[in-house]
Amino acid sequence: MELVKSIKTQVCIIGSGPSGLLLSQLLHNAGIESVVLDRQSRAHIESRIRAGVLEHGSVETLLEAGVGERMLSEGILHDGFDVGFDGERFRIDLKALTGKSVMIYGQTELTRDLIATRLDQGGSIVFSADNVTPSDLESGNPVVRYEKEGEQYEVHCQFVAGCDGFRGVSRESIPQDRRKYFERVYPFGWLGLLSDTKPVADELIYANHERGFALCSMRSNTRSRYYIQCPADEDVNKWSDDAFFDELSLRIGEETAAGLERGPSLEKSIAPLRSFVCEPMRFGNLFLAGDAAHIVPPTGAKGLNLAISDVHYLARAMVEHFKSGNSVHLDAYSQICLTRVWKVERFSWYMSSMLHQFPDHSPFEKRMQRAEYDYVTRSHAGAMAIAENYVGLPYD
Ligand code: RFL
Ligand code: PHB
């Protein structure tokens with residue numbers, strides 16, 4: 001008979017992306033034990049290239065969690081960004097409109113900081129855990145089974161946090177008749193390129209050009225991140241670095257392109273664009289957070305930030321439960337998150353709709369896009385609506 005090793009903890013967290021790691025950190029800060037399980041290796045997790053923009057509230061949450069030191073010294077505050085349309089450009093002055101800024105700091109760096117802090121403090125993160133399977137989720141004693149290096153394990157806990165991203169196991173372990181999915185898949189993707197070159201501008205540029213959307217972003221003053229809209233089924237191998245920079249140059253206009261520094265790609269990949277929400281975000285003692293529960297297209301820079309706000313609410317609710325036995329916030333968790341999630345879904349959908357070329361758009365819809373851009377760039381209220389969402393809606 002095979003021996004199954006048994007582990008006991010208060011919260012079993014599936015997924016060691018930013019959601020799972022930050023939750024583990026916030027629980028630890030309140031004296032609550034957790035075990036984090038991830039199917040990937042530490043090296044793989046620490047090398048994934050993802051988001052780059054942190055909202056004001058995300059920065060505050062990370063600082064309060066005690067994981068913001070390097071972000072404060074190496075991150076770059078941006079007081080605005082540009083939106084462009086058919087060669088025109090307009091700066092959304094975040095600081096003047098809202099009094100707030102956003103922080104440019106890569107998700108890759110944030111993940112490294114979170115892993116290092118958890119491990120330094122003796123936290124338990126199991127990397128390369130195979131066949132992670134949550135069960136007994138409606139009981140008071142859920143169990144999460146996994147395998148590692150030929151051994152079988154069982155984690156016994158009070159709560160399971162499903163922080164395992166869009167393709168994880170947690171959401172799918174909710175019976176079909178107990179959840180509802182809402183989804184839109186966009187008819188294009190983003191081809192992204194990372195290079196050790198000086199960013200083409202001091203702030204981000206989002207541009208809608210007749211050849212397709214383009215985004216100029218960065219990770220630091222010496223590392224650029226660029227994206228161009230591409231067909232959803234595009235083959236990344238079709239794009240040499242030069243072909244990418246040629247196309248980007250066309251879309252950002254001659255004047256800006258004149259200052260574009262080219263350099264070999266450190267990473268080049270295609271991300272699909274999707275809007276998705278699972279309701280509710282709880283099943284028994286399983287709580288979903290981050291991409292496991294919802295996906296936004298990246299045009300508003302919201303995915304990581306939404307993950308951080310979910311975790312803020314979940315940690316607060318779990319701490320309250322363990323400290324005082326009060327479950328008011330746990331019971332309200334899904335509803336509190338979903339109210340904010342849908343507002344952020346709306347903003348990400350809106351930004352994506354205004355800034356991309358849609359293959360099925362009629363001339364009427366093209367005029368609507370242009371009118372939207374004109375409204376945003378010529379009305380204080382229009383610019384404000386973008387700015388207050390971009391710096392982040394307040395937490396409830
Ligand atoms: P993650 O980061 O996907 O982490 C999930 C973790 O779960 C593990 N996992 C499993 N573990 C055990 N068993 C299983 N069966 C498992 N299945 C999966 C995975 O290995 C992984 O470690 O989800 P999390 O923590 O919820 O974080 C969400 C963010 O990663 C995501 O929303 C952002 O990256 C989205 N995003 C952006 N968000 C922003 O706020 N600002 C941005 O500027 C921004 N830009 C982006 C983005 C996402 C992009 N891509 C590639 C989708 C730009 C891009 C190109
Ligand atoms: C990025 O730098 O990766 C980035 C920035 C802004 C976005 C999306 C991605 O809206």
Side-chain angles (χ1 to χ4, degrees), residues 12-24 36-42 44-55 58 76 78 81 83 102-108 110-111 114-115 125-134 144-148 161-173 189-194 199 203-206 213 215-220 223-227 267-274 276 288-311 344 347-348 351-352 355 390 392:
C12 181
I13 300 173
I14 307 180
S16 79
S19 309
L21 292 165
L22 180 61
L23 178 63
S24 175
V36 183
L37 307 176
D38 202 290
R39 69 170 168 201
Q40 300 288 358
S41 68
R42 179 176 178 181
H44 177 96
I45 292 167
E46 291 192 334
S47 60
R48 281 193 299 233
I49 310 294
R50 294 250 181 115
V53 181
L54 292 169
E55 292 174 358
S58 300
I76 311 171
H78 278 192
F81 66 90
V83 283
V102 292
M103 175 75 87
I104 304 300
Y105 191 64
Q107 180 173 330
T108 313
L110 174 62
T111 306
L114 283 162
I115 291 177
I125 309 176
V126 182
F127 297 107
S128 308
D130 293 323
N131 295 323
V132 175
T133 312
V144 182
R145 296 186 174 78
Y146 70 95
E147 292 160 25
K148 182 166 168 133
C163 301
D164 46 351
F166 184 60
R167 305 203 176 277
V169 285
S170 302
R171 189 182 64 247
E172 292 294 312
S173 65
W190 280 15
L191 171 62
L193 181 147
L194 185 74
E203 294 178 340
L204 270 57
I205 305 170
Y206 293 81
F213 169 79
L215 168 60
C216 302
S217 181
M218 66 191 73
R219 291 291 174 272
S220 69
R223 183 166 284 188
S224 306
R225 179 69 164 160
Y226 297 116
Y227 297 96
E267 193 257 9
K268 204 161 34 181
S269 58
I270 294 179
L273 265 70
R274 183 191 304 273
F276 173 88
L288 302 179
D291 279 14
H294 39 69
I295 293 288
V296 287
T299 326
K302 289 294 164 219
L304 171 60
N305 292 296
L306 208 46
I308 293 175
S309 62
D310 285 355
V311 166
V344 176
F347 177 65
S348 305
M351 288 286 278
S352 303
L355 292 171
Y390 199 84

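All heavy atoms count here, side chains included; hydrogens, waters and symmetry mates do not. What you see is a predicted model; the values in this text were computed from it and never measured. Just so you know, ligand 1 is whichever comes first in the structure, and atom 1 is the first atom listed for that ligand. Position 1 is the first residue of the sequence, and the numbers go up from there.
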Can a donor-acceptor pair be found, under 3.5 Å and without considering hydrogens, that links the side chain of [X] to the backbone of [Y]?
X	Y	answer
K302	I295	no
R145	T133	no
D291	F166	no
T108	R48	yes
D164	S170	yes
S24	G20	no

For ligand 2, is there an N or O atom under 3.5 Å from any N or O atom of [X]?
X	value
A301	yes
R225	no
P298	yes
Y206	yes
W190	no

Region of V132 that comes within reach of ligand 1 [heavy atoms, distance under 4.0 Å] =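 It is the side chain that gets close, since no backbone atom is under 4.0 Å.
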Considering only non-hydrogen protein atoms, determine which one is nearest to [atom] and report residue, atom name and distance to 0.1 Å.
atom	value
atom 43 (O) of ligand 1	G52 N, 3.2 Å
atom 4 (O) of ligand 1	G17 CA, 3.5 Å
atom 51 (C) of ligand 1	R50 CD, 3.8 Å
atom 38 (N) of ligand 1	L304 N, 2.8 Å
atom 15 (N) of ligand 1	V169 CG1, 3.6 Å
atom 18 (C) of ligand 1	D164 O, 3.1 Å
atom 3 (O) of ligand 2	Y227 OH, 2.6 Å
atom 42 (C) of ligand 1	A51 CB, 3.0 Å

Atoms in ligand 1 flagged as close to [X], the criterion being non-hydrogen separation under 4.0 Å:
X	result
G165	3 (O), 5 (C), 23 (O)
S19	24 (P), 25 (O), 26 (O), 27 (O)
G290	26 (O)
V53	41 (N), 43 (O)
Y227	53 (C), 55 (C)
G168	17 (N)
C163	5 (C), 6 (C), 7 (O)
N305	40 (O)

Search all heavy atoms of [X] against all heavy atoms of [Y] and return the closest pair with its distance.
X	Y	answer
Y390	A301	OH-CB, 4.1 Å
N131	E147	ND2-OE1, 3.3 Å
L273	P298	CG-CD, 3.7 Å
S217	Y226	N-CD2, 4.2 Å

Step by step, work out the side-chain contact (heavy atoms from CB on, under 4.5 Å) result for I308 and L54.
-> CA-CA 10 Å; I308 293 175; L54 292 169; 4.0 Å; yes
Sequence neighbours excluded - salt bridge (Lys or Arg N to Asp or Glu O under 4.0 Å) pairs with any residue from residues 125-134 =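 Applying salt bridge (Lys or Arg N to Asp or Glu O under 4.0 Å) to every pair that reaches into residues 125-134, excluding sequence neighbours, yields nothing.
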Nitrogen or oxygen of [X] less than 3.5 angstrom from that of ligand 1:
X	result
G15	no
G303	yes
Q40	no
A292	no
P18	yes

To the nearest 0.5 angstrom, please state how far the [atom1] atom of [X] sits from the [atom2] atom of [Y].
X	Y	atom1	atom2	answer
E46	Q40	CD	CD	13.0 Å
M218	I205	CE	CD1	8.5 Å
D310	N305	CG	CG	11.0 Å
T111	L304	OG1	CG	7.5 Å

Name the option, out of [options], that contains the heavy atom nearest to [atom].
atom	options	value
atom 2 (O) of ligand 2	A271, S217, S348, G52	S217
atom 28 (C) of ligand 1	T299, T108, L215, D291	D291
atom 33 (C) of ligand 1	R48, Q107, R39, E172	Q107
atom 8 (C) of ligand 1	L204, D38, L114	D38

L204 heavy atoms, cut-off 4.0 Å: which ligand 2 atoms fall inside?
->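 The atoms of ligand 2 under 4.0 Å from a heavy atom of L204 are 5 (C), 6 (C).
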Please identify which atoms of ligand 2 are closer than 4.0 Å to at least one heavy atom of V53.
->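 Going through ligand 2 atom by atom, the ones under 4.0 Å from V53 are 5 (C), 6 (C).
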Give the contacting part of [X] toward ligand 2: side chain, backbone, both or neither, where contact means a heavy-atom distance below 4.0 Å.
X	answer
F81	neither
R50	backbone
T299	backbone

W190 vs L215, side-chain contact (heavy atoms from CB on, under 4.5 Å): CA-CA, chis, key distance, verdict = CA-CA 9 Å; W190 280 15; L215 168 60; 3.7 Å; yes
Hey, mind stepping through I125 and L21 against side-chain contact (heavy atoms from CB on, under 4.5 Å) and telling me if it holds?
-> CA-CA 9 Å; I125 309 176; L21 292 165; 3.7 Å; yes
Return the orientation label for the F213 and Y206 ring planes: parallel under 30°, perpendicular over 60°, tilted otherwise.
->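 Taking Y206 first and then F213, their aromatic rings sit tilted (interplane angle of 30° to 60°).
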Under a heavy-atom criterion of less than 4.0 Å, does K302 contact ligand 2?
->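 No, that is not the case, since the closest heavy atom of the residue is not under 4.0 Å from the ligand.
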Sequence-distant partners of R223, side-chain contact (heavy atoms from CB on, under 4.5 Å), two or more places apart =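 Scan of R223 (side-chain contact (heavy atoms from CB on, under 4.5 Å), adjacent residues dropped) gives L194, D196, R219, S220, L266.
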With side-chain contact (heavy atoms from CB on, under 4.5 Å) as the test, would you mind laying out the steps for I104 and V53 before giving the verdict?
-> CA-CA 5 Å; I104 304 300; V53 181; 4.1 Å; yes
